[in-house]
Amino acid sequence: MELIVNRLAQRSKKYFLILIAVPILLGLVGWFLPVGKEASTYTAEATLSLGSYDYDSLNNAKNVMILLTNSPFYRENLPNLSKENLSKLQVTAVTDKIIKLSYTDSPKENATEVINQISTAFLKMDKISFQEKKEITQDSIQSLSQEKVSEDTIVDQQRFLNELKTTLFEIKPASLLESTDPSEVMTDNKALNSKERAVAGVLIGIALACAWVLIPELVRGTSE
């Protein structure tokens, strides 16, 4: 063992300059090595307030989450969006009546465009359903107000008319509450900066230098 240690010491002295040069050289390579800039990804968000007109498919957050995370809605309303686009979309329920859409993509403009397309398509669908409900209620009010009834049922007629008018006053369509500018998403695979690459180069150089000194002597020692 003592003989191996002595040979290692002699070998280290003999190749001292090389042992010093290798870590320094790799450190410099790491510092000056050009590394392509990693493309940043961005998340655009939109917050929607759901409508209220007794249509559970579009007025309930859980049902809307299912609607906006499955293909049928997009085949009918946004055929230009692919399954890959859907994988970048998240729909969360803030409350029973408020949902948040989050879409992550690169570049920033793509994230903004897609989140706006989805929000607009949903609001358009909701507006059609709301308008149908509104027209039905208005027609009911008009028909009932023109209907001639007996004195015995006039009170009931008036009460029913008041209920319909209240319904017409209270119902509302979905609306966009907030649309935020896309924010950059931090990723775990971010490229190392120059200093980090230089340190890594030095450590690799030290490891290679040590291996270059140790391995030949250890092999010779075991063979003897």
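Throughout, numbering of the chain's residues begins at 1 and tracks the sequence.
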### Query
How about K97: does its NZ atom have over 12 heavy atoms from other parts shown lying under 6.0 Å from it?
yes
### Single hit among L68, T92, L177 for side chain to side chain contact (heavy atoms under 4.5 Å, CB included) with I99
L68
#### Entry: CG on L161 to OG1 on T166, rounded to 0.5 Å
10.5 Å
## Note on the structure
The reported gap from CG in L78 to CG in L86 (rounded to nearest 0.5 angstrom) is 9.5 Å
### Query
When rounded to the nearest 0.5 angstrom, what is the spacing between OG in S57 and CG in D126?
11.5 Å
### Query
So if you build clusters from Ile, Leu, Val, Met, Phe, Trp, Tyr with side-chain heavy-atom gaps below 4.5 Å, do L144 and I136 land together?
no
### Query
Where the side chain of S145 meets the backbone of Q142, is there a donor-acceptor pair that is under 3.5 Å apart?
yes
### Query
Does E45 reach the side chain of I115, with side-chain heavy atoms less than 4.5 Å apart?
no
### Task
Check whether any side-chain N or O of N70 sits under 3.5 Å from a backbone N or O of I66 as a donor-acceptor pair, and report yes or no.
yes
### Query
Just wondering, do R159 and D156 contact through their side chains at under 4.5 Å, heavy atoms?
yes
### Audit row: I98, T47, side chain to side chain contact (heavy atoms under 4.5 Å, CB included) steps and yes/no
CA-CA 7 Å; I98 297 177; T47 304; 3.5 Å; yes
### Task
I would like to know whether F122 and L176 meet side chain to side chain contact (heavy atoms under 4.5 Å, CB included); could you show each step before the answer?
CA-CA 10 Å; F122 174 76; L176 177 66; over 6 Å; no
### Message
Rounded at 0.5 Å granularity, tell me how far OG in S179 sits from CG in N116.
### Response
5.0 Å
### Task
Could you tell me whether I154 atom CD1 has more than 12 heavy atoms of other residues or ligands within 6.0 Å of it?
no
### Query
With side chains defined as the heavy atoms from C-beta onward, is the minimum distance between N63 and L58 less than 4.5 Å?
no
### Task
Flag the pair E132 / Y55 as yes when at least one side-chain heavy-atom distance between them is below 4.5 Å, and no otherwise.
no
### Summary
Closest non-hydrogen atoms of A111 and A44, given as atom of the first, atom of the second and distance, are O-CB, 3.5 Å
### Query
Taking atom CG of D96 as the centre, does the number of heavy atoms from other residues, nucleotides or ligands within less than 6.0 Å exceed 12?
no
### Summary
Exactly one candidate in I118, L67, T69 meets side chain to side chain contact (heavy atoms under 4.5 Å, CB included) with V91; the answer is T69
### Query
Hey, is the main chain of A121 close enough, under 3.5 Å, to the side chain of N77 for a donor-acceptor pair?
no
### Partners meeting side-chain hydrogen bond (donor to acceptor under 3.5 Å, both in side chains) with S82 (sequence neighbours left out)
N85
### Message
Quick check against the 3.5 Å criterion: does N59 have a side-chain atom that pairs as donor or acceptor with the backbone of G51?
### Response
yes
### Task
Give, for atom CD of E109 and atom OG of S106, the distance between the pair rounded to the nearest 0.5 Å.
9.0 Å
### Query
CG/L101 to CE/M65 distance, rounded to the nearest 0.5 angstrom?
10.5 Å
### Summary
Here the salt bridge (charged side-chain N to carboxylate O under 4.0 Å, His left out) pairs for residues 66-87, sequence neighbours left out, are E84-K88
### Common cluster, F73/I128, ILVMFWY with side-chain heavy-atom separation under 4.5 Å
no
### Task
Write down the atom of K134, the atom of I171, and the distance for their closest heavy-atom approach.
CA-CD1, 4.1 Å
### Query
Backbone N or O of E147 within a donor-acceptor pair of the Q157 side chain at under 3.5 Å?
yes
### Task
Decide side chain to side chain donor-acceptor pair (under 3.5 Å) for T43 and T104; before the verdict, give the C-alpha distance in whole Å, the side-chain angles of both, and the deciding distance to 0.1 Å.
CA-CA 4 Å; T43 295; T104 302; 2.7 Å; yes
### Query
Using the ring of each side chain (for Trp, its six-membered ring), is F130 parallel, tilted or perpendicular to Y53, with breaks at 30° and 60°?
perpendicular
### Query
Are side-chain heavy atoms of T137 and F169 found at a separation under 4.5 Å?
no
